[in-house]
Amino acid sequence: MYDPIAIESRWQAWWEENGTNEPDLDAAERPFFNLMMYPYPSAEGLHVGNLYAFTGADIYGRFRRLRGDDVFEPIGYDAFGIHSENHALKVDTHPMELIPSNIRNFERMLRAAGLMTDWSRTVDTTDPRYYKWTQWIFIQLFKAGLAEKKEAAVNWCPQCQTVLANEQVIAGLCERCDAAVEQRMLSQWFFRITDYAQRLLDNLDWIDWSETTKTAQRNWIGRSEGARLHFPLSGAAAGEGAGQPDRIEVFTTRPDTLFGATFMVLAPEHPLVERLTTDERRAEVEAYVRAAAAVDLVERQKTDERDKTGVFTGGYARNPATGEDIPVWVADYVLMDYGTGAIMAVPGHDQRDFDFARQFGLSIVQVVCSRAALPEGADLADVGGAGPEAAFVEHTADEILVNSGRFSGMEADAGGRAITEWLAERGLAAAEVNYRLHDWCISRQRYWGPPIPIIYCDDCGAQAVPEEDLPVVLPYVEDFRPTATGVSPLARDGAFHAAACPACGAEARRETDVSDTFLDSGWYFLRYPSTEFDDRPFDPERTQAWLPVSSYIGGEEHSVLHLLYSRFLTMVLHDLGHVEFEEPYDRFRKHGLLIRDGAKISKSRGNVILPDRYIARFGADTFRMYLMFLGPFQRGGDFRDSGLAGPERFLKKVWDSVTAAAESGRTGFEDVGVERALHTTIRQISEDLEALSYNTAIAAAMDYLNTLRAGGRTATVDEVRPLVIMIAPVAPHIAEELWARLGGASSIFDHAEWPAWDESKLVVDEVELPVQVNGRLRATIRVARGAPEEVVREAALAEANVIRRLDGVAIRKVIHVPDRMLNLVVS
RNA sequence: GCCGGGGUGGCGGAAUUGGCAGACGCAUCGGACUUAAAAUCCGAAGGGGUCCAUCCCCGUGUGGGUUCGAGCCCCACCCCCGGCACCA
């Protein structure tokens, strides 16, 4: 009798005792670093989504191991961060007590899942032995000028009472608590990831990643090419003191439309608003700016539901192309944190500017026109109507410039370049590339994170904590609640706050913000092979041998956050001479999402899947197999309790057939059909596992077992042994047990060799060939493999059904695909 | 609005990339075993048509096209899922 529960605990203990899953990192000949995204150890325990991802990664690792690689498969815990801290606040327990128990719970569940985890090398981001090096990385960036403190409008979550990265704001709401996010001006530490935007983009062309993930990163980086144009201030504002800016700079992707710029718009936070505003407009402008600051991002971005708002400053700037003075407005549809925070408005060719112009009665000029739409012999310097009533002109393909002085008649792209060059000669323009990507805000005004290792001295400014003083240990603070003032909880700890300046020794203050969780996860993979070293974050030789990561499997939800940041940090570490590679992951594949009974899995729906229960009832092998069988791994699938029966029965039958074969002692291959099926199956499963096509690999194994058992047949040892090896990646415990019963030395993962298929065994002497008449199936004939057309044709013409179809008509054409099909085309 | 991914039996999903649509599994039905049930084993099954058929028609979201042949390629459209979103 197959008793999965007994077998599984026995083998898990055996692996532990024998160090089966702990490769010798210094002796490995074919190192294969099999990485999965480490989990956040929530109090709820291991989520089925975690296990789905881990199982998929584990199967690949076990497969590589059976093929002879030295596979290193570590796991860790991403235990710092707002998520953990919020939960601690909710249950009113200190995170320093909560997290260790969560981790123990996770480890217990992970062990039960039968992963090939090397438990001797786990990582816990909240361990000072780990975050010492997180702080070290911060210091490396600081010293390289890549970490800087700047006053910036930041996303502030009033609920979590902290700054959020742009990535943590979902449609204006806090990713964690769904509160409306506000804007605040705070002094924050930033990593200059935008300096790396182009490289991060360029490398996407060659790294071996899921295409969808690469696309998501490209969109996130959001490169756009255009020009920076200068609009000189005119009127009173122009005359102000020396050293003051005398122009508004804008970024545009459409310099070709410059002649159509009939007004300008500044973001409410733009520094020039103050100067441009005339006295008679001042009260109105200030009211508008104040109101805009109060409006949270959700409201501000509800673009469909509200009309555009704005006020005229009373000031003017000169359109450098037309020489005309155009009014400067303030409106919240222009965002301070993209481009220059100011735009030239071209209402004739931009929907937003058009909407705005219509609303406030501003003039609209058409400056590009599709060739097709031009009337014959039109005067290109005087096309179409101008003024508020002129309709918005949609962007089309074959555009030329009109109403654009000497540039009229030029093709739009070339015209744009020409206009930029023309202005550049006068110092009024430069080609520019802009990125949507923002610098990475590292600071968090929270408790549960690694303290940022900086000391502020009145004389020496911001100083890095000397490396020999690391880690800056996060003190136990009884009251760790965040404050509404934006001051970090650590500031309450006087002993922590006070420090001596590392440069001059004077009394100084410690930075009390902690760093973003994404910094913890930005380098954790580098730590795994070097967990025993306390004097270096990652050992050069180990790193050289094991990195970049050979295979990384994880969720799409980290496409732009974790995956982009870890690429950035790796590039920086490469540039600073710490690692030899600049991309951290050789191969990344995203997995799909699990749903249940056709619906999303969520706590509120009450349809959460508890892996624990299923494993206790069916065993990990059955559960793993079902998870991988329910749909294509990279696309996800639908979990239905009823589906577990398939893999459950299959494993029972495998058990019965293999133990029966072992008892019978019969060997060899008596049946060529079965032998051919074996080789077909080996090929199928080998290719499918490599492609992470686990559902079809399992189907192939089932199919083969059906063949072995057809008509109550008893299989031979040689027929079942390869099957045991091939199901081992998916169902490792039963495979170990059956391998032992077939006389194999333990463990199967150390002693079995992945079976090879023999092409010559795949060929059949006779094939079934569909015969079509006019593309419709009319008969199936059996012919010798590779039979020439004449033979096939003759056999086909002997079929009664074919003869009937050919009666009275002439064969016009014969299409013969050898061994595949024959099609007779008749008139 | 933009960028991805998808739409195939009662259900989850296959389909060698243009060559027998529905592999494998779930559920279902029939049979065997059993006093009976469960478990197990054997078998059936996309829908429809004349009694059965090994015969015929229809069939991969919709409409058109290319082709000897389309689930797969092209054009237009509908719906679902995910991401981004006043990004100049």
Side-chain angles (χ1 to χ4, degrees), chain A residues 170-172 210-216 218-220 222 224 226 250-254 257 265 267 300-304 306 308 331-335 337-346 350-353 355-356 434-438 556-557 559-560 592-593 595 597-598 600 626 629-632 634-647 649-650 652-653 656 683-684 687 693 695-706 709-712 768-780 800-801 804 812-815 817 819-826:
Chain A
I170 311 293
S210 298
E211 272 313 310
T212 52
T213 311
K214 295 209 270 189
T215 304
R218 285 193 185 100
N219 292 343
W220 189 262
S224 53
V250 302
F251 172 73
T252 178
T253 54
R254 294 292 305 275
T257 63
V265 185
R300 187 157 167 180
Q301 293 185 352
K302 273 186 185 160
T303 55
D304 324 331
R306 69 189 182 104
K308 288 198 167 36
D332 66 0
Y333 83 91
V334 173
L335 308 175
D337 62 1
Y338 184 78
T340 61
I343 61 159
M344 65 176 205
V346 184
D350 181 283
Q351 186 65 52
R352 297 154 300 178
D353 298 342
D355 293 344
F356 193 80
N434 231 295
Y435 300 91
R436 209 192 69 104
L437 182 70
H438 288 71
E556 269 256 270
E557 68 273 18
S559 295
V560 288
L593 225 62
I595 56 173
D597 301 322
K600 246 190 236 177
Y626 177 59
F629 185 61
L630 56 76
Q634 290 180 84
R635 267 203 266 150
D638 195 2
F639 187 103
R640 284 164 197 259
D641 285 11
S642 61
L644 279 146
R649 279 178 207 149
F650 170 71
K652 269 185 197 158
K653 285 192 252 181
D656 291 345
R683 181 172 68 177
Q684 176 88 39
E687 290 172 356
S693 185
N695 57 333
T696 51
I698 293 165
M702 289 173 167
D703 216 1
Y704 177 59
L705 185 71
N706 289 344
R709 293 166 64 90
E768 281 200 346
L769 202 77
V771 178
Q772 301 176 344
V773 178
N774 278 349
R776 301 181 66 96
L777 182 71
R778 296 303 176 193
T780 306
N801 216 17
R804 246 193 11 253
R812 245 178 51 220
K813 198 170 170 188
V814 176
I815 313 245
V817 184
D819 297 338
R820 299 306 291 259
M821 51 79 63
L822 179 80
N823 188 13
L824 305 170
V825 185
V826 299

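Per chain, numbering begins at 1; letters A, B, ... match sequence-line order.
Going from atom CG of A:L630 over to atom P of B:A23 covers 19 Å, rounded to whole Å. Counting to the nearest Å, the C1' atom of B:G10 and the CG atom of A:D638 are 14 Å from each other. The nearest whole Å value for the distance from the CZ atom in A:R218 to the C1' atom in B:A85 is 20 Å. For A:E556 and B:G6, the CD to C1' distance is 13 Å, given to the nearest whole Å. Spacing between atom CD1 of A:I595 and atom P of B:G6 amounts to 15 Å, rounded to whole angstrom units. A straight line from CG of A:N219 to C1' of B:C84 spans 7 Å, rounded to a whole angstrom. The nearest whole Å value for the distance from the CG atom in A:D597 to the C1' atom in B:C81 is 17 Å.
Figure legend. B:G4 is base-paired to B:C81; pairs are counted as Watson-Crick or G-U wobble with both atom distances under 3.5 Å. Across all strands shown, nothing is found opposite B:U16 as a Watson-Crick or G-U wobble partner with both distances under 3.5 Å. Base-pair partner of B:U35: not found among the strands shown (Watson-Crick or G-U wobble, both distances under 3.5 Å). Searching all strands for a Watson-Crick or G-U wobble partner of B:G25 with both distances below 3.5 Å returns B:C11.
By the 4.5 Å heavy-atom criterion applied to side chains, A:M344 and A:T252 are counted as neighbours. Side-chain contact check for A:F650 versus A:F629: every heavy-atom pair is 4.5 Å or farther apart. Residues A:I343 and A:Y333 form a side-chain contact, since some pair of their non-hydrogen atoms from C-beta on lies under 4.5 Å apart. Between A:T780 and A:V771, the closest side-chain pair of non-hydrogen atoms is not below 4.5 Å. Between A:Y704 and A:Q684, the closest side-chain pair of non-hydrogen atoms is not below 4.5 Å.
A:R436 comes within 4.0 angstrom of a base, heavy atoms only. Residue A:N695 is in sugar-phosphate contact alone, with no base atom involved, counting any heavy-atom pair closer than 4.0 Å across all strands shown. Among the heavy atoms of the strands lying under 4.0 Å from A:R776 are primed sugar atoms or P, OP1, OP2 only; no base atom is included. A:Q772 comes within contact range of at least one nucleobase, with a heavy-atom separation under 4.0 Å. Among the protein residues, A:P647 comes within range of no part of the nucleic acid, since none of its heavy atoms lies under 4.0 Å from any strand. At the heavy-atom level, A:D355 lies nowhere under 4.0 Å from the strands shown. Residue A:E768 is classed as a base contact, given a heavy-atom separation below 4.0 Å to a base. Among the protein residues, A:K652 comes within range of no part of the nucleic acid, since none of its heavy atoms lies under 4.0 Å from any strand. Base engagement by A:M821 is indicated by at least one non-hydrogen atom pair under 4.0 Å involving a base atom. Contact annotation for A:I815: base contact, defined as any heavy-atom pair under 4.0 Å involving a base atom.
With hydrogens and angles ignored, no donor-acceptor pair under 3.5 angstrom links the side chain of A:K600 to the base of B:C81. For A:R649 against B:U40, no side-chain N or O and base N or O form a donor-acceptor pair under 3.5 Å.
B:G9 has its base syn relative to the sugar, with a glycosidic angle deviating from 0 by at most 90°. Here B:U35 is in the anti range [glycosidic angle more than 90° from 0].
Distances were taken from every side-chain heavy atom of A:T252 (C-beta onward) to each of B:A23, B:A88, B:C26; the shortest belongs to B:A88. Relative to the side chain of A:W220, the nucleotides B:C84, B:G19, B:C20 differ in distance, and B:C84 lies closest. Picking from B:A88, B:G13, B:A14 the nucleotide with the shortest atom distance to the side chain of A:S224 gives B:A88. For A:T212, taking side-chain heavy atoms from C-beta onward, the closest of the listed nucleotides B:G5, B:C26, B:C24 is B:G5. With B:C26, B:C24, B:C68 as the choices, the nucleotide that has an atom nearest any side-chain atom of A:A645 turns out to be B:C26.
In this structure, A:R778 reaches the B:C57 phosphate: one of its side-chain N or O atoms is under 4.0 Å from OP1 or OP2. The phosphate of B:A23 (OP1 or OP2) has no side-chain N or O of A:N706 nearer than 4.0 angstrom. OP1 or OP2 of B:C56 has at least one side-chain nitrogen or oxygen of A:R804 nearer than 4.0 Å. Distances shorter than 4.0 Å separate none of the side-chain N or O atoms of A:R709 from OP1 or OP2 on B:C42.
Aromatic ring centres of A:F639 and A:Y626: separated by under 6.0 Å.
Comparing A:L593 and A:T696 by the nucleotide of RNA chain B whose heavy atom lies nearest to each, the residue mapping closer to the 5' end is A:T696. Between A:G712 and A:S642, it is A:S642 whose nearest contact on RNA chain B lies nearer the 5' terminus.
Rounded to whole Å, the P atom of B:U60 lies 12 Å from the corresponding atom of B:A21.
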Handout entry: Steps toward side-chain hydrogen bond (donor to acceptor under 3.5 Å, both in side chains) verdict (A:S693, A:T696)
Key = CA-CA 6 Å; A:S693 185; A:T696 51; 2.6 Å; yes
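For A:I595, the CD1 atom sits in a packed shell: over 12 heavy atoms of surrounding residues, nucleotides or ligands are nearer than 6.0 Å.
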